[in-house]
**Student:** 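Supplied in structure tokens, the structure appears directly below.
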Amino acid sequence: QAAVLNQQVAALRQQLGELQALLDDSKARDAAAQVQLSTLGSDLNAALARAAAEEKRRRELEEEERKRLEAEAARLASEAQDLERYRSEFFGRMRELLGNRDGVQIVGDRFVFSSEILFPPGGANLSLEGRLQIAAIAQLILDVADEIPPEIDWVLQVDGHTDNIPLVNGFQFADNWELSQARALSVVRFMASDLGIPPNRLSVNGFGEYQ
């Protein structure tokens, strides 16, 4: 009986040892899980913090961009108003200067000069009367230009035209296209070289007989 009891005690001890091993293993796994949960929690908190910071920065950038666009829109609106004021002032003074002179018409935002005043038939050399007319306009342009802020970009467009009579052989120009461009170029060169209009404020176009 003692031997049997000893065997049973040994078996029980073995079972207790196995149970203890299982318990130790369970505790170890539980501890590892706790460590993993703690790490995941830290990572999650860090990710949430980064997301919050990025969202805040995004809102700040959007607000900065909104303010910039509003300021740009206000600047452009102010510039447009200023340009319109200078434009109105210029055309008002031009109307006073030109009055009802023969050969000059005011059509919208254009001053149209009869070619007979500025050029000889079929030619592109400015006449004396034409130079006087252009000089008077140039002086007004310079007076108004001094008042225009440098950030306002303006250009005086000079358009050349002709009648619809074809040029014959022997003329200086091949056709009315060339003649109209040469006439506009004569005005622009006179304005830039002799009258002091900045070249970057001038443009040349030739319409020939078609407008």
Side-chain angles (χ1 to χ4, degrees), residues 49-101 103-115 117-119 124 126 130-162 176-211:
R50 286 196 302 271
E54 291 172 359
E55 176 64 18
K56 179 182 178 182
R57 180 56 181 161
R58 183 186 64 81
R59 288 196 300 267
E60 290 175 349
L61 291 174
E62 288 178 349
E63 181 65 15
E64 290 174 2
E65 181 66 8
R66 182 186 66 80
K67 291 180 179 179
R68 188 191 68 80
L69 291 175
E70 288 179 352
E72 179 68 9
R75 185 189 66 80
L76 291 176
S78 175
E79 183 177 306
Q81 291 176 353
D82 290 343
L83 190 58
E84 182 61 30
R85 177 168 61 84
Y86 298 128
R87 180 173 171 270
S88 299
E89 178 184 349
F90 171 71
F91 279 101
R93 292 164 68 177
M94 286 290 288
R95 286 184 176 90
E96 293 176 2
L97 172 69
L98 297 175
N100 295 319
R101 294 190 185 187
V104 182
Q105 290 181 328
I106 300 175
V107 182
D109 62 352
R110 293 171 182 261
F111 292 92
V112 182
F113 292 82
S114 173
S115 62
I117 292 180
L118 303 182
F119 305 103
L126 274 169
R131 286 173 176 266
L132 293 175
Q133 295 275 20
I134 298 301
I137 293 175
Q139 186 56 54
L140 274 182
I141 293 172
L142 290 172
D143 291 344
V144 174
D146 289 339
E147 303 172 10
I148 300 177
E151 64 270 14
I152 294 182
D153 193 20
W154 61 273
V155 172
L156 181 68
Q157 177 174 305
V158 180
D159 297 333
H161 301 266
T162 69
N176 283 330
W177 283 112
E178 283 192 10
L179 175 58
S180 67
Q181 291 170 347
R183 285 177 168 176
L185 191 57
S186 291
V187 173
V188 164
R189 282 177 171 161
F190 179 57
M191 283 183 160
S193 300
D194 296 9
L195 303 177
I197 302 293
N200 64 311
R201 299 298 186 184
L202 296 168
S203 72
V204 176
N205 293 287
F207 288 100
E209 62 194 71
Y210 300 105
Q211 291 195 32

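We use all heavy atoms of the structure for the numbers below, so side chains are in, but hydrogens, waters and symmetry mates are not. Counting from 1, the numbers follow the sequence of the chain as shown.
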**Student:** Please report the closest heavy-atom contact between N205 and S203, naming both atoms and the distance.
**Tutor:**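 Looking at all heavy atoms of both residues, the closest pair is ND2-OG, 4.0 Å.
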**Student:** Any salt bridge linking E54 with R57? Criterion: basic side-chain nitrogen under 4.0 Å from a carboxylate oxygen.
**Tutor:**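 No, this pair does not count.
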**Student:** Let me confirm one number: the CG-CD1 distance from L156 to I197, rounded to the nearest 0.5 Å.
**Tutor:**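 Here the interatomic distance stands at 7.5 Å.
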**Student:** Could you walk me through whether R75 and E72 pass the salt bridge (Lys or Arg N to Asp or Glu O under 4.0 Å) check?
**Tutor:** CA-CA 5 Å; R75 185 189 66 80; E72 179 68 9; 2.7 Å; yes
**Student:** Is there a side chain to side chain contact (heavy atoms under 4.5 Å, CB included) between D159 and Q211? Walk through the geometry before answering.
**Tutor:** CA-CA 10 Å; D159 297 333; Q211 291 195 32; over 6 Å; no
**Student:** Pick out which of W177, F113, F207 makes a ring-ring contact (aromatic ring centres under 6.0 Å, His included) with H161.
**Tutor:**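 By the ring-ring contact (aromatic ring centres under 6.0 Å, His included) criterion, H161 pairs with just one of W177, F113, F207: F207.
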**Student:** Give me the atom names and distance for the closest heavy-atom approach of P199 to A192.
**Tutor:**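 The answer is CG-CB, 4.2 Å.
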**Student:** Is any side-chain N of the basic residue among E64 and K67 closer than 4.0 Å to the acidic one's carboxylate O?
**Tutor:**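 Here E64 does not pair with K67 in a salt bridge, since their nearest N and O are not under 4.0 Å apart.
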**Student:** Do side-chain atoms of R201 reach the backbone of W154 as a donor and acceptor pair under 3.5 angstrom?
**Tutor:**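 Here the side-chain-to-backbone pair exists.
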**Student:** What heavy-atom pair brings L195 and A135 nearest, and what distance separates the two atoms?
**Tutor:**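 Shortest heavy-atom contact: CD1-CA, 3.7 Å.
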**Student:** If I take atom CG from residue L132 and atom CD1 from residue I117, how far apart are they, to the nearest 0.5 angstrom?
**Tutor:**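 That separation rounds to 11.5 Å.
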**Student:** Closest heavy-atom contact between V155 and N200?
**Tutor:**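 Closest heavy-atom pair between V155 and N200: CG2-O, 4.4 Å.
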**Student:** Counting C-beta onward and ignoring hydrogens, is there a side-chain heavy-atom pair between R131 and D194 closer than 4.5 Å?
**Tutor:**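 Heavy-atom side-chain distance check passes, below 4.5 Å.
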**Student:** Taking all atoms of both residues into account, what is the closest heavy-atom pair of E209 and N176, and its distance?
**Tutor:**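 Closest pair (atom of E209, atom of N176, distance): OE1-ND2, 2.9 Å.
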**Student:** Does S186 reach the main-chain N or O of A124 with its side chain, forming a donor-acceptor pair under 3.5 Å?
**Tutor:**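 Yes, because the side chain of S186 sits within donor-acceptor range (under 3.5 Å) of the backbone of A124.
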**Student:** Rounded to the nearest 0.5 Å, how far apart are CZ of F190 and CG of L185?
**Tutor:**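 Atom-to-atom, F190:CZ and L185:CG are 14.0 Å apart.
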**Student:** Quick check for you: to the nearest 0.5 Å, what is the distance between L126 atom CG and R189 atom CZ?
**Tutor:**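 The distance works out to 11.5 Å.
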**Student:** G206 and Q181: which non-hydrogen atoms are nearest, and at how many Å?
**Tutor:**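 So the two residues come closest at CA-CG, 3.6 Å.
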**Student:** Let me confirm one number: the CZ-CG distance from R68 to L61, rounded to the nearest 0.5 Å.
**Tutor:**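 It is 12.0 Å, given to the nearest 0.5 Å.
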**Student:** Regarding E62 and R59, does a basic nitrogen lie under 4.0 Å from an acidic carboxylate oxygen?
**Tutor:**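 So E62 does not pair with R59 through a salt bridge.
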**Student:** Counting C-beta onward and ignoring hydrogens, is there a side-chain heavy-atom pair between R183 and L118 closer than 4.5 Å?
**Tutor:**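 Sidechains of L118 and R183: no contact.
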**Student:** Flag the pair R66 and E70 as a salt bridge only when some basic side-chain nitrogen lies within less than 4.0 angstrom of an acidic carboxylate oxygen.
**Tutor:**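 Salt bridge: yes.
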**Student:** Answer yes or no: is there a side-chain heavy-atom contact under 4.5 Å between E63 and E60?
**Tutor:**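 When only atoms from C-beta onward are counted, E60 and E63 do not touch, as no gap falls below 4.5 Å.
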